[in-house]
Novice: 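Here's a structure for you.
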There are 2 protein chains.
Amino acid sequence: VIRASNIIKTFDLGEVKVRALRGVDLEINEGDFVAILGHSGSGKSTFMNIIGCLDVPSSGEVYIDDNNVANYSRDKLATIRNKKIGFVFQSYNLLSRTTALENVELPLLYNPEVSAVERADLSKKALERVGLGDRLSHLTNQLSGGQQQRVAIARALVNEPLVILADEPTGNLDTRTSYEIMGIFQELNEAGKTIVIVTHETDIAKMCKRNIVFKDGKVIKDFMVDKP
Amino acid sequence: VIRASNIIKTFDLGEVKVRALRGVDLEINEGDFVAILGHSGSGKSTFMNIIGCLDVPSSGEVYIDDNNVANYSRDKLATIRNKKIGFVFQSYNLLSRTTALENVELPLLYNPEVSAVERADLSKKALERVGLGDRLSHLTNQLSGGQQQRVAIARALVNEPLVILADEPTGNLDTRTSYEIMGIFQELNEAGKTIVIVTHETDIAKMCKRNIVFKDGKVIKDFMVDKP
Ligand SMILES: Nc1ncnc2c1ncn2[C@@H]1O[C@H](COP(=O)(O)OP(=O)(O)OP(=O)(O)O)[C@@H](O)[C@H]1O
Ligand SMILES: Nc1ncnc2c1ncn2[C@@H]1O[C@H](COP(=O)(O)OP(=O)(O)OP(=O)(O)O)[C@@H](O)[C@H]1O
Ligand SMILES: [Mg+2]
Ligand SMILES: [Mg+2]
């Protein structure tokens, strides 16, 4: 469902070039449940932004459902990002003077098939699912770190996308809450969604079906998790 | 060195009152190395902000070196925050269009005893210590999540404070980098610094000397870690 072909990404800072991705070839198949691991700075978020159509590679191709996204119009790309892919950012990217409910409603604002009433209802359910049913009208800065992280997760799920890309979704969550979130991802995967998460915690990675390890901008390992 | 006496903190949101801290009594002794754990929303960051003099309790007292901070002038409080306490925020609070080096220099700008040359030198060393010697002139948004987290850590250390309060300092770091950061904290503790970290990872908590567990705004456990 997502194919990355020889992806190279270099950030040019004038006197210094950062080769964040140095030739990544990966296929994410429909129904996959992947954990991406690797050292800080190894290129994981850069890769996620590229396959999530939020950034473009310096060279190489990205295919979504076998279509080269380089050929897509801006509108088509925006539709993919909004409807097909749910993205949880490493730094959440919530709107600050906005309530938890309004933040989660955001992706649905662009969906003409959803009325205002349905939008509020779907958003409320998404927040209840991540345990924030009693935080709907808190502003972003009135939430704890882990609550903000969960609002970002709820927002990524509310449009019921086919692919979920979550960059460190449990980084600020205690063990029990992390397991609840992974439980949600497992349910969605069993319902047929494709899930790719970046994590640095091996316990979390073991709950997925496949693990990919990045190092210095390249994939060095790609294996299926042995289930005991 | 820090004493919290019957700390109560309630956030009043009009129709809803959130009782974030419901009576916390804690003593942090000089040279302690404490990990604070607890569920998302249990009050950990709220507590850290209060003992770090960044917020005031609704009732109860905070004593720094046996002095009630409620009696301190604003200037005195600012000096404590700047020189005595180094704070690593859960969401880093870095300045965005600012380089890693400039972000780390910030606490030293208010220190008249440090020249501009010394300031740049101390900041460079702090960044090298957290493995970012090659990222000095990257802007905040040109750094990975874990790199931003390490800039926040370097900034908290640069003034050589006696007390370090770090809210989830390894939340976005891979295992090896987390252990390097804990190694730095252990060195500082062996040199006499007092360290309090919030973490949700039990492996990290076991590297500290004392663990405190929060639940629903109260301390439910407080024990010394058994060293094997
Ligand atoms: N400014 C605020 N206004 C209203 N409620 C707040 C505010 N800040 C925090 N809260 C609430 O107080 C409770 C405690 O928040 P706190 O940030 O201390 O939790 P935490 O233990 O640090 O959680 P996490 O592990 O998720 O970071 C949460 O339920 C949160 O919703
Ligand atoms: N906009 C940018 N300009 C310059 N360099 C960048 C930019 N974004 C990222 N980098 C660099 O590219 C490298 C890879 O960054 P990336 O964010 O993909 O790492 P990561 O694997 O997600 O790390 P982490 O686990 O710390 O989040 C890092 O060394 C970083 O400094
Ligand atoms: Mg990242
Ligand atoms: Mg917190």
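In this text, all values refer to a predicted model and were calculated from it rather than measured experimentally.
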Novice: Given the options B:Gly171, B:Ser144, B:Gly38, B:Gly146, which has more heavy-atom pairs under 4.5 Å with chain A than any of the others?
Specialist: B:Gly171
Novice: Within the supplied structure, the quantity of interest is the number of heavy atoms (other residues, nucleotides, ligands) at a distance under 6.0 Å from B:Arg19 CZ; does it exceed 12?
Specialist: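 Open.
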Novice: Which atoms of B:Gln149 come close to chain A, meaning under 4.5 Å heavy atom to heavy atom: side chain ones, backbone ones, both, or neither?
Specialist: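 For B:Gln149, neither part sits under 4.5 Å from chain A.
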Novice: Count the heavy atoms belonging to other residues, nucleotides or ligands that lie under 6.0 Å from CZ of A:Arg210, then report whether that count exceeds 12.
Specialist: yes
Novice: Relative to chain B, which of A:Gln90, A:Arg176, A:Glu15, A:His39 shows the most heavy atom pairs under 4.5 Å?
Specialist: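 Answer, by heavy-atom pair count under 4.5 Å with chain B: A:His39.
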Novice: Quick check: are there more than 12 heavy atoms from other residues, nucleotides or ligands sitting under 6.0 Å from NZ of A:Lys9?
Specialist: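 Yes - once you tally the heavy atoms of other residues, nucleotides and ligands closer than 6.0 Å, there are more than 12.
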Novice: Check each atom of A:Thr170 against the heavy atoms of chain B and say whether the ones under 4.5 Å are side chain, backbone, both or neither.
Specialist: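 It is the backbone, since no side chain atom gets that close.
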Novice: Please check if the side chain of A:His200 supplies one atom and the backbone of B:Thr175 the other of a donor-acceptor pair under 3.5 Å.
Specialist: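 Between the backbone of B:Thr175 and the side chain of A:His200 there is no qualifying donor-acceptor contact (under 3.5 Å).
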Novice: Side chain, backbone, both or neither: which part of B:Thr177 has a non-hydrogen atom closer than 4.5 Å to chain A?
Specialist: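 When you check distances to chain A, only side chain atoms of B:Thr177 fall under 4.5 Å.
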Novice: Examine whether an atom of B:Gln148 lies under 4.5 Å from a heavy atom of chain A, and if so say whether it belongs to the side chain, the backbone or both; otherwise answer neither.
Specialist: neither
Novice: For A:Lys218, look at atom NZ and say whether over 12 heavy atoms of other residues, nucleotides or ligands are found less than 6.0 Å away.
Specialist: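 Atom NZ in A:Lys218 is not packed in, count stays at 12 or less.
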Novice: In terms of heavy-atom proximity below 4.5 Å to chain B, should A:Gln147 be classed as side chain, backbone, both, or neither?
Specialist: both
Novice: Does NZ belonging to B:Lys193 count more than 12 external heavy atoms closer than 6.0 Å?
Specialist: yes
Novice: With distance as the sole test, does B:Asp174 use its side chain to make a donor-acceptor pair with the main-chain N or O of A:Ser40 at under 3.5 Å?
Specialist: yes
Novice: Among A:Glu201, A:Arg150, A:Glu168, which has the most heavy-atom pairs under 4.5 Å with chain B?
Specialist: A:Glu201
Novice: With a 6.0 Å cut-off (strictly less than), is the heavy-atom count around CD of A:Glu160, excluding the residue itself, greater than 12?
Specialist: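 It does not: A:Glu160 CD has 12 such atoms or fewer within range.
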Novice: Among B:Leu143, B:Asp203, B:Leu13, single out the residue with the greatest number of heavy-atom pairs under 4.5 Å to chain A.
Specialist: B:Leu13
Novice: Output the distance between atom OG1 (A:Thr199) and atom CG (B:Asn172), rounded to the nearest 0.5 Å.
Specialist: 10.0 Å
Novice: Does any heavy atom of chain B fall under 4.5 Å from the side chain of A:Val198, the backbone, both, or neither of them?
Specialist: neither
